[in-house]
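These numbers come from the heavy atoms of this one structure, side chains and all, not from hydrogens, waters or symmetry mates. Atoms within a ligand are numbered from 1 in the order they appear, just like the ligands themselves. Throughout, numbering of the chain's residues begins at 1 and tracks the sequence. Just so it is clear, the structure is predicted and the values come from calculations on it, not from any experiment.
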Amino acid sequence: MIRMTVTIAVAGKGGTGKTTFSALLIRYLIEKNKGSILALDADPNANLNEALGLEVDTMISDILDETKDPKAIPTGMTKDMFIDFKMSHAIVETDKNVDLLVMGNPQGPGCYCYPNDLLKKHLDSLSSNYNYLVADNEAGLEHISRRTIPSVDFLFVISDASVRGIRSAKRVKELVDSLKTPVKKMFLIVTKTQPEGIEPLKPEIEKTELELIGTIPMDPLVTEYDIQGKPLFELPGDSSAVKAVHEILSQVKL
Ligand SMILES: Nc1ncnc2c1ncn2[C@@H]1O[C@H](COP(=O)(O)OP(=O)(O)OP(=O)(O)O)[C@@H](O)[C@H]1O
Ligand SMILES: [Mg+2]
C-alpha cells in the first residue's frame, strides 16, 4: 500500500528551537490549506502543546504504563483493542486542521521496547488518516531509530547559531545515515541568528554535509510569547521568525 501521509520530522540539540520551528511549520501548513495534520510530540520533555496553545491530559506513555497492569484492560477487550481505544482518546483535537498526540515520558528504562510494535502499528494506522504527520523529536531520535515513525519524507535538523549546535546537527545526520529508516530529504536550519549572520559558522556547516536551507533570526516576539506562555500561532504574520519559516518552506515541495 502506498503511504499518502507526508511525514515531516524535526530534530536537533536541546534548546535550539525545534519546537518553535515545528509550531511555525504547522502554522504554515494550515495557512497554505495543505490539509489535515497530526502533530506528534515525540520529545519526552513535551512542550509542543504549549507552542500550539493546547491542553493535554493523556500521553501515550501513560497508556503504555496502564496496559502493563492486566487488570486495567476491561474483560472482553484485547490489549490491542485497548491501546487502540485509548490512543484515539489521547488525541487532542482542535478547531483548526491539526490534532496533537503526545508520546510523553516512559517510566523507567526500555519502557517503549516491549510495546513498540503495538505503538508502531497504532501510530501507523492513526497517521494514515491525515495528510501530514509532523513529529517534534528529541536529539537521540528514539522514535525514528526504533521505527515507531516508519519513514520520513522531510527531516529538518535544527541548530542554533553556535558551533556546538552545528556539531550536534552533524551527529544527527550521521545517526540518520546509520539508520534503516528511510529519510528522503534532509535539511539544516540555523535558528536564533544575529544580524551579523552565520558567516563564521560556514566551515562547521560544511562539515555536516547537510544542505543549509535557511536561517531563522532571533525574534524578540518569540522570546516575549515564550515568557508569557502565548501560543506561537498568535504571532503576527510579519514577525521575523514567521516570515523566515515561510521563506524556508516555500523552497520545499511539502
Ligand atoms: N527564532 C527565535 N527567536 C527567539 N527565541 C527563540 C527562537 N527560536 C527559539 N527561541 C527560544 O529558544 C528557546 C528554545 O526553543 P524551543 O523550545 O523551540 O527549542 P527546542 O529545541 O524545542 O528545546 P527542547 O530541546 O527543550 O525541546 C525557547 O525559549 C524559545 O522561545
Ligand atoms: Mg522542544
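- Contact analysis puts Pro217 in contact with ligand 1, with a non-hydrogen atom separation below 4.0 angstrom.
- Each of the atoms 25 (O) of ligand 1 lies under 4.0 Å from some heavy atom of Gly14.
- Under 4.0 angstrom from ligand 1, there are no non-hydrogen atoms of Thr191.
- The closest non-hydrogen atom to atom 13 (C) of ligand 1, taken over Lys13, Glu138, Glu50, Lys192, comes from Lys192.
- The heavy atom nearest to atom 4 (C) of ligand 1, considering only Asp219, Asp160, Thr16, is found in Asp219.
- In this structure Thr19 satisfies the side chain to side chain donor-acceptor pair (under 3.5 Å) test together with Asn47, Asp136, sequence neighbours excluded.
- Remark: Gln228 CD is packed, more than 12 non-hydrogen atoms of other residues, nucleotides or ligands lying under 6.0 Å away.
- Looking only at protein heavy atoms, the nearest one to atom 19 (O) of ligand 1 is Gly17 N, 3.0 Å.
- Counting the atoms of ligand 1 from 1 in the order shown, those under 4.0 Å from a heavy atom of Thr19 are 18 (O), 20 (P), 22 (O), 27 (O).
- The nearest heavy-atom contact from the protein to atom 20 (P) of ligand 1 is Lys18 N, 3.4 Å.
- Residues passing the ring pair (Phe, Tyr, Trp, His ring centres under 6.0 Å) test with Phe82: none are found, sequence neighbours excluded.
- With respect to atom 9 (C) of ligand 1, the closest heavy atom belonging to the protein is Thr20 OG1, 3.4 Å.
- A salt bridge links Lys173 with Asp177; the closest basic N to acidic carboxylate O contact falls under 4.0 Å.
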Inset, instruction - Let me see the working for Glu247 and Lys243 under salt bridge (Lys or Arg N to Asp or Glu O under 4.0 Å), right down to the final yes or no. - result: CA-CA 6 Å; Glu247 204 169 296; Lys243 284 201 309 207; over 6 Å; no
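- Residue contacts with ligand 1 include Gly15, since one or more of its heavy atoms lies under 4.0 Å from the ligand.
- Under the ring pair (Phe, Tyr, Trp, His ring centres under 6.0 Å) test applied with Phe21, the options Phe156, Phe187, Tyr28 reduce to a single match, Phe156.
- Both tests pass for Lys230 against the ring of Tyr225: distance under 6.0 Å to the centre and angle within 45° of the axis.
- In this structure, Ser61 contributes its side chain and Met103 its backbone to a donor-acceptor pair below 3.5 Å.
- By the 4.0 Å N-to-carboxylate-O rule, Arg171 lies too far from Glu174 to be salt-bridged with it.
- Residue Ile216 has no nitrogen or oxygen atom sitting less than 3.5 Å from a nitrogen or oxygen atom of ligand 1, judged on distance alone.
- Looking only at heavy atoms of the protein, atom 28 (C) of ligand 1 is closest to Asp226 OD2, 3.7 Å.
- Around the Mg ion (ligand 2), the protein atoms of type N, O or S that sit closer than 2.8 Å are Thr19 OG1.
- For ligand 1, the atoms sitting less than 4.0 Å from at least one non-hydrogen atom of Asp43 are 27 (O), numbered in the order shown with element in parentheses.
- One finds no salt bridge joining Lys202 and Glu206 here, because no Lys/Arg side-chain nitrogen approaches an Asp/Glu carboxylate oxygen to under 4.0 Å.
- Residues Asp62 and Lys86 are not paired through a salt bridge, judged by the lack of any N-O separation under 4.0 Å between the basic side chain and the carboxylate.
- Counting heavy-atom neighbours within 6.0 Å of Glu224 CD, excluding the residue itself, gives a total above 12.
- For residues 87-103, the set of pairs meeting the side-chain hydrogen bond (donor to acceptor under 3.5 Å, both in side chains) definition, not counting sequence neighbours, comprises Asp99-Tyr130.
- Interface of Thr223 with ligand 1, defined as ligand atoms under 4.0 Å from a residue heavy atom, comprises 4 (C), 5 (N).
- The protein heavy-atom contact nearest to atom 5 (N) of ligand 1 is Val222 CG1, 3.7 Å.
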